[in-house]
Amino acid sequence: MKSVDTKPSPDHSAILRVIRSIPVGCVASYGEVAERAGLPRRARLVGRVLGEVPPGEEVPWYRVLRSNGRIAFAPGSRGFREQVRRLSGEGVLVVSGRVDLARHGWDRNLDAVLWAPPAPSAKKSAAKKNVSSKKR
DNA sequence: GCCCTGACGTGAA
DNA sequence: ATTCACGCCAGGG
C-alpha cells in the first residue's frame, strides 16, 4: 500500500477542530470558521468540508451560518429544517431562517451586548412606561 | 486540461 | 432589502 488511504488533509481537520470548538448556544459564519482555522477567504472550503462530514460525527455543523446570519440551506429544505430544529434546541432564536449574530454570534463584539443599544422603538412610541419590550 | 458548480463573502448599483 | 459581478478553490464531468 502506498497511498490509497483517506485524505488526512490538515486544512480539513483544522476546520473541523474550529467548528467543534464553537460554544453551545453560539453560531459562527463560514468565513469566521475559515479564518480561525488559519484559512482566510476559504469559506467555501468550510462548506465543502461540512458537506463531507459523515453522519454520526460529533460536529456541530448547525452552528455554522452565512455571514449575514442566514442559514445556508434553501428555506424549507431538509437540512434547513433540521438546522432550525437543532439551533432552537440550544436556545438560539431563529427568525425567518435567520439568527441575530449580535446576540448569538461567537465572534460578536461584547460591547454591543454589554452597552445595550438605545431603544430602537423610540421613533414609534416615545417611551410610554415600558422602555424595553423585547431582548433580555 | 478546460468548464461548470457550489452548506461562501463583499462591495457596488 | 435585492440583485449582480467578482474573487476563491476543490470536485466532478
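Naming convention: chains lettered A, B, ... in sequence-line order (proteins, then strands); numbering from 1 in each chain.
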Would you confirm whether A/Glu90, through its side chain, and A/Val24, through its main-chain N or O, come within 3.5 Å as a donor-acceptor pair?
-> no

Whole-Å distance between B/dG6 P and A/Phe73 CZ?
-> 14 Å

Within the structure shown, what part of the strands sits under 4.0 Å from A/Arg44 by heavy-atom distance: base, sugar-phosphate, or nothing?
-> base

Calculate the interatomic distance between A/Arg81 atom CZ and B/dA7 atom P; express it in whole Å.
-> 17 Å

Below 4.0 Å: OP1/OP2 of B/dT10 and any side-chain N or O of A/Ser67 | yes

Phosphate OP1/OP2 of C/dA10: any A/Arg48 side-chain N/O under 4.0 Å | no

When all nucleic acid strands are considered with a 4.0 Å heavy-atom cut-off, which category describes A/Gly51: base, sugar-phosphate, or nothing?
-> base

Could you tell me the separation between the CZ atom of A/Arg86 and the C1' atom of B/dA7, rounded to a whole number of Å?
-> 15 Å

Round to a whole Å and report the spacing from CG of A/Leu101 to P of B/dT10.
-> 11 Å

Whole-Å distance separating the CG atom of A/Leu45 from the P atom of B/dG9 = 13 Å

Got a donor-acceptor contact below 3.5 angstrom from the A/Arg42 side chain to the A/Ala34 backbone?
-> no

What is the distance from CZ of A/Phe80 to P of B/dA7, rounded to the nearest Å?
-> 15 Å

Can A/Arg86 and A/Glu82 be counted as an ion pair, charged N to O under 4.0 angstrom?
-> yes

Separation of B/dA7 atom P from A/Leu87 atom CG, nearest Å, is 18 Å

